[in-house]
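The structure under discussion appears below in the form of structure tokens.
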2 protein chains.
Amino acid sequence: MSTKTRRRRPEARPDEILDAALSVFVEQGFTAARVEDIAKRAGLSKGAVYLYFPSKEAMLKALVEQSAGALAKAAERLISVGAPRDPEAALRGVIFMMITAMTDPDISAAPRLVLTEAHRFPDIAAHYRDQVLETARRAIETLAADGVEAGTFRPVDADMLMRCIGGPCLGHMMLASAFDFHPKNLREPVDVADALSDLLLHGLKPREDARCD
Amino acid sequence: MSTKTRRRRPEARPDEILDAALSVFVEQGFTAARVEDIAKRAGLSKGAVYLYFPSKEAMLKALVEQSAGALAKAAERLISVGAPRDPEAALRGVIFMMITAMTDPDISAAPRLVLTEAHRFPDIAAHYRDQVLETARRAIETLAADGVEAGTFRPVDADMLMRCIGGPCLGHMMLASAFDFHPKNLREPVDVADALSDLLLHGLKPREDARCD
DNA sequence: TGCAACTAACTGACCGGTCAGTTATTAAAT
DNA sequence: ATTTAATAACTGACCGGTCAGTTAGTTGCA
């Protein structure tokens, strides 16, 4: 019911406000973001957002918890599914998913926000680290172990692999969002993901064994 | 402290103020940073910093230009030197240098600042992109071409290689600085750099040819 | 059906604190 | 005595958060 008039059942309000808050926070940064702008973008007055959230910081925390929950769940799913059959395909899938997510400004907004604000909110940083990063690390560890067992991966350090998968995705995103700096030839997300997967799997040095893929 | 008394030749002041500004900006973010805190850290009163900089934003711009200039110069040097002899050693050197720099909070401070503030200052973003990123890309391109010519690298996309070198370094730094998240086994920068170099050079898949390293 | 009485949702003016930037003044060095 | 470096007090704009008041919608009752 899109009542143009005053809301009767305003249970959607908190999410509307959080959507608006996320976009303003990402654009302006948390400190420079004005609650009045958030309100305007959500179609309310400033006073009204304080009916739903006790403070600006509470909106930030709610956003972070939302995002962390979703990411942690995704990582947990990766762990529980595992990839004993085809670790390479699983790795390619993860990379494609990450590049796709990072390329979409809406999806990458919350992680970007966390990345830029975490160090000033120690509890947010700790929450994200424990919920998301540790879980992601375990997911990578599982994937790597499955690959080694299947003989398709050689053993490598999990933290390094994590940084070698997430780092390029992160870099790709930050270069685009902060500097508007894009690859010259790799135009589509799928091309970026494939190039990353290939480089990660086969390495920079040529293979003496003829078979590469 | 040299002169407890009033300075006669204050030509060192601008740099002292910029040092203080950098540390406060990185800790608090540009908007939340208070000029009075910068002044205090530089050992001055607030009014005095306005004798050297016309505004808070001018300090930010000066910092960015300083950092961008240094980084651009470093990248230019990489290009002009080239690495036709031993591209692998050159790559390992670049990676070691980057990991070392990113691990030092003082050295990585300015890039971190740029990364978090660039998107709100389009001219800063453009400047950094044109001065630093484009030059770095060319440096990587040169290195990759030298490697291919020498037969030690296979041809890969320069933008991808750039993201695969810089991304993990960036990720490593951000995980540490924002989340206090560190590798479990790779304790020293040199170990991180070696692990990254190895993974990048040899890939995740086992080599059928016995020789690795 | 019409009409009070009531409530939920919202508004916007306002208050108080903060902080970038200014200025009147002081003090050291020459 | 003059100039220069610096300060401390000040100004004014801005913004997070509050709250008295308004309006839209609901309920009870005739």
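Letters A, B, ... are given to chains in the order of the sequence lines, protein chains preceding strands, and every chain is numbered from 1.
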Kindly say whether [Y] contributes a backbone atom to a donor-acceptor pair with the side chain of [X] at under 3.5 angstrom?
X      : Y      : result
A:R92  : A:E88  : no
A:S108 : A:D104 : yes
A:R163 : B:G167 : no

Check: In degrees rounded to 10°, what angle is found between the helical axes fit to the five outermost pairs at each end of the helix from C:dT1-D:dA30 to C:dT30-D:dA1?
Finding: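 The helix from C:dT1-D:dA30 to C:dT30-D:dA1 shows an end-to-end axis angle of 10°.
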Note to self: Check this for me, if you would: do A:R138 and A:E141 make a salt bridge, where the nitrogen-to-carboxylate-oxygen distance has to be below 4.0 angstrom?
What the structure shows: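 Looking at A:E141 together with A:R138, the answer is no, because their closest N to O distance does not fall below 4.0 Å.
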Next item on the list: Decide, yes or no, whether a salt bridge links A:K46 with A:D37 under the criterion of side-chain N to carboxylate O below 4.0 Å.
Entry: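 No.
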Check: If we only count heavy atoms from C-beta on, is the A:D130 to A:T135 side-chain gap below 4.5 Å?
Finding: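 Sidechains of A:T135 and A:D130: no contact.
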Next item on the list: Using a 4.5 Å cut-off on heavy atoms from C-beta on, say whether the side chain of A:M173 contacts that of A:R112.
Entry: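 Contact flag for A:R112/A:M173 side chains = yes.
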Notebook entry, point to check: What distance separates B:L196 CG from B:I95 CD1, expressed to the nearest 0.5 Å?
Noted result: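 Reported value, rounded in 0.5 Å steps: 4.5 Å.
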Notebook entry, point to check: Nearest 0.5 Å, what's the NE2-CG distance between B:H202 and A:L204?
Noted result: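 With rounding to 0.5 Å, NE2 (B:H202) is 10.0 Å from CG (A:L204).
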Please report, rounded to the nearest Å, how far the [atom2] atom of [N] is from the [atom1] atom of [X].
X     : N      : atom1 : atom2 : result
B:I17 : D:dT7  : CD1   : P     : 10 Å
B:Y50 : D:dA8  : OH    : C1'   : 15 Å
B:E36 : D:dA6  : CD    : P     : 16 Å
A:L51 : D:dT22 : CG    : P     : 17 Å

Short N/O separations, protein against nucleotides 9-15 of chain D, under 3.5 angstrom:
residue : atom : partner : partner atom : Å
D:dC15  : OP2  : A:R34   : NE           : 3.3

Notebook entry, point to check: What pairs meet the ring-ring contact (aromatic ring centres under 6.0 Å, His included) rule with one or both residues in residues 171-201 of chain A, with sequence neighbours excluded?
Noted result: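 Counting only pairs at least two positions apart or across chains, the ring-ring contact (aromatic ring centres under 6.0 Å, His included) contacts touching residues 171-201 of chain A are A:F179-B:Y128.
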Next item on the list: Quick one: closest heavy-atom pair of B:A33 and B:K56, and the distance?
Entry: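 The answer is O-NZ, 2.8 Å.
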Can I get a per-line list of side-chain donor-acceptor pairs under 3.5 Å for residues 20-31 of chain A, giving both atom names and the distance, sequence neighbours left out?
residue : atom : partner : partner atom : Å
A:S23   : OG   : A:A20   : O            : 2.9
A:S23   : OG   : A:R41   : NH1          : 3.0
A:E27   : OE1  : A:R41   : NH2          : 3.4
A:E27   : OE2  : A:R41   : NH1          : 3.0
A:T31   : OG1  : A:R120  : NH2          : 2.5

Check: Checking salt bridge (Lys or Arg N to Asp or Glu O under 4.0 Å) for the pair B:E57/B:K61: CA distance, chi angles, key distance, verdict?
Finding: CA-CA 6 Å; B:E57 195 169 324; B:K61 298 234 161 101; 3.0 Å; yes
Item checked: DNA chain C-proximal residues of residues 58-67 of chain B, any heavy atom under 4.0 Å ->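 The stretch gives none, as no residue of it lies under 4.0 Å from the strand.
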Next item on the list: Tell me what B:L44 touches on the nucleic acid: a base, only sugar-phosphate, or nothing, going by heavy atoms under 4.0 Å.
Entry: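 Sugar-phosphate, backbone atoms only, no base.
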Notebook entry, point to check: Quick one, which residues of residues 23-31 of chain B touch DNA chain D with a heavy atom under 4.0 Å?
Noted result: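 Per residue number, the list is empty: none.
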